[in-house]
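Labels below follow one simple rule: chain letters A, B, ... track the order of the sequence lines, proteins then strands, and each chain is numbered from 1.
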2 protein chains.
Amino acid sequence: MSTKTKNGKRVFLQNEDCPIRNVVSQVGDKWSMLILFSLVEGPDRFNSLKTRIEGISQRMLTQTLRDLERDGYVNRTVYPEVPVKVEYKLTSLGEGLAKSLWKLVSWANAHHDEIRNARREYDRDNG
Amino acid sequence: MSTKTKNGKRVFLQNEDCPIRNVVSQVGDKWSMLILFSLVEGPDRFNSLKTRIEGISQRMLTQTLRDLERDGYVNRTVYPEVPVKVEYKLTSLGEGLAKSLWKLVSWANAHHDEIRNARREYDRDNG
DNA sequence: CCGCATCCCCTCAGATACTG
DNA sequence: CAGTATCTGAGGGGATGCGG
């Protein structure tokens with residue numbers, strides 16, 4: 001994550017070799033985490049995911065699944081039935097990611113009210 | 001995070017009350033985590049942060065610090081010296097967030113090569 | 001059923017110039 | 001030193017229509 005040190009403080013780099021950026025920029029988008037946690041409960045099909053993840057468009061579901069597949073988090077299997085059935089499934093890498101994200105999720109749940117209060121207070125005092 | 005259940009599967013909602021979305025959409029942007037981890041090492045000043053976080057513009061540093069302050073992760077203190085000194089410091093909420101992010105960070109470090117390999121392979125086979 | 005292609009808007013974020 | 005203001009381009013993401 002950081003490579004240099006300057007006056008005893010760490011200097012943070014942001015290039016394409018930064019693991020943080022490479023993981024977070026993917027997982028931090030609008031839909032990735034919701035898909036990831038949907039698949040934690042087991043493999044699922046395209047339209048089932050589309051139904052379960054409220055508000056996602058077909059376009060974004062496809063695109064986000066492709067990106068997750070590209071990074072090795074998700075496997076895509078096509079069953080040549082009629083009509084076609086496509087199943088998405090976490091890889092072990094994806095499961096590891098979801099697991100390490102879980103701590104963040106539970107923290108978010110536990111402190112959600114606190115955050116919203118801070119937000120309201122800030123908005124009241126300022127803008 | 002999820003409120004409903006359908007055929008035994010969880011249905012994920014994405015409204016403004018979703019803690020995941022409220023936390024991740026803030027922390028998942030381009031600079032927040034780097035600022036957060038810079039401040040884990042202790043309070044710091046505007047220009048010091050700007051130097052330590054490679055590539056960040058003045059504009060984005062200001063804006064991201066404001067957003068972090070708004071959510072209650074960061075405190076801003078102005079010392080009326082000449083020239084002005086402004087110090088940014090994690091709140092206990094911000095420290096809790098950073099701590100719960102740390103697991104993700106170490107996971108990212110550990111699996112970075114794996115991800116980049118998957119990416120290369122995917123790009124070779126496809127586009 | 002599972003997409004891809006297109007259009008189009010709107011926000012994010014970089015560059016640059018100016019203030020207390 | 002620590003910002004604000006404005007302009008601008010790139011891209012995220014929705015709506016819609018077509019194809020295997």
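A side-chain donor-acceptor contact under 3.5 Å links B/D29 to the backbone of B/W31.
Nucleotide D/dG12 holds its P atom 15 Å from the CD1 atom of A/I56, rounded to whole Å. B/D29 has its CG atom 16 Å from the C1' atom of D/dG11, to the nearest Å. As a whole-Å value, the separation of B/L65 CG from D/dC1 P is 16 Å. In this structure, B/L49 places its CG atom 13 Å from P of D/dC1, rounding to the nearest Å. When rounded to the nearest whole Å, the span between CD of B/Q26 and C1' of C/dC12 equals 13 Å. For B/K30 and D/dG12, the NZ to P distance is 11 Å, given to the nearest whole Å. As a whole-Å value, the separation of B/D67 CG from C/dT11 P is 14 Å.
A residue-by-residue look at A/S57 and A/V84 shows that A/S57 has its nearest nucleotide of DNA chain D further toward the 5' end. Of the two residues near DNA chain C, A/V86 and B/R59, the one whose nearest nucleotide lies more 5' is A/V86.
Between the side chains of B/N109 and B/S106, no donor-acceptor pair of N or O atoms lies under 3.5 Å. Side chain to side chain, B/T64 and B/D67 fail the donor-acceptor criterion of an N or O pair below 3.5 Å.
Looking at the side chain of B/W31, the nearest of the listed nucleotides C/dC2, C/dG14, D/dA2 is C/dG14. In this structure, the nucleotide among D/dG17, C/dC1, D/dA2 sitting nearest to the side chain of A/P83 is C/dC1. Listed nucleotides: D/dG13, D/dA2, C/dG3. Nearest to the side chain of A/R76: C/dG3. The side chain of B/R66 lies closest to D/dG3 when the candidates are D/dG3, C/dG14, D/dC1. Taking the side chain of A/Q58 as heavy atoms from C-beta on, and the options D/dG3, D/dG14, C/dC4, the nearest nucleotide is C/dC4. Picking from D/dG13, C/dC1, D/dG17 the nucleotide with the shortest atom distance to the side chain of A/N47 gives C/dC1.
The side-chain heavy atoms of A/L65 and A/F46, taken from C-beta on, include a pair separated by under 4.5 Å. Between A/R45 and A/Y88 the shortest side-chain heavy-atom distance does not fall below 4.5 Å. Counting only heavy atoms from C-beta outward, the side chains of B/V74 and B/K89 never approach each other to under 4.5 Å.
Ionic pairing of B/E121 and B/R116 is not present here: no N-O contact between side-chain nitrogen and carboxylate oxygen is shorter than 4.0 angstrom.
Between A/R45 and the phosphate of C/dC2, there is a side-chain N or O to OP1/OP2 separation shorter than 4.0 Å. Residue A/Y88 has a polar side-chain atom (N or O) positioned under 4.0 Å from OP1 or OP2 of C/dG3. Residue A/K50 places no side-chain N or O under 4.0 Å from the OP1 or OP2 atom of C/dG3.
Note on the helix from C/dC1-D/dG20 to C/dG20-D/dC1: angle between the axes of the first and last five pairs equals 40°, rounded to 10 degrees.
Residue B/Q63 is classed as having no contact, given no heavy-atom separation below 4.0 Å to the nucleic acid.
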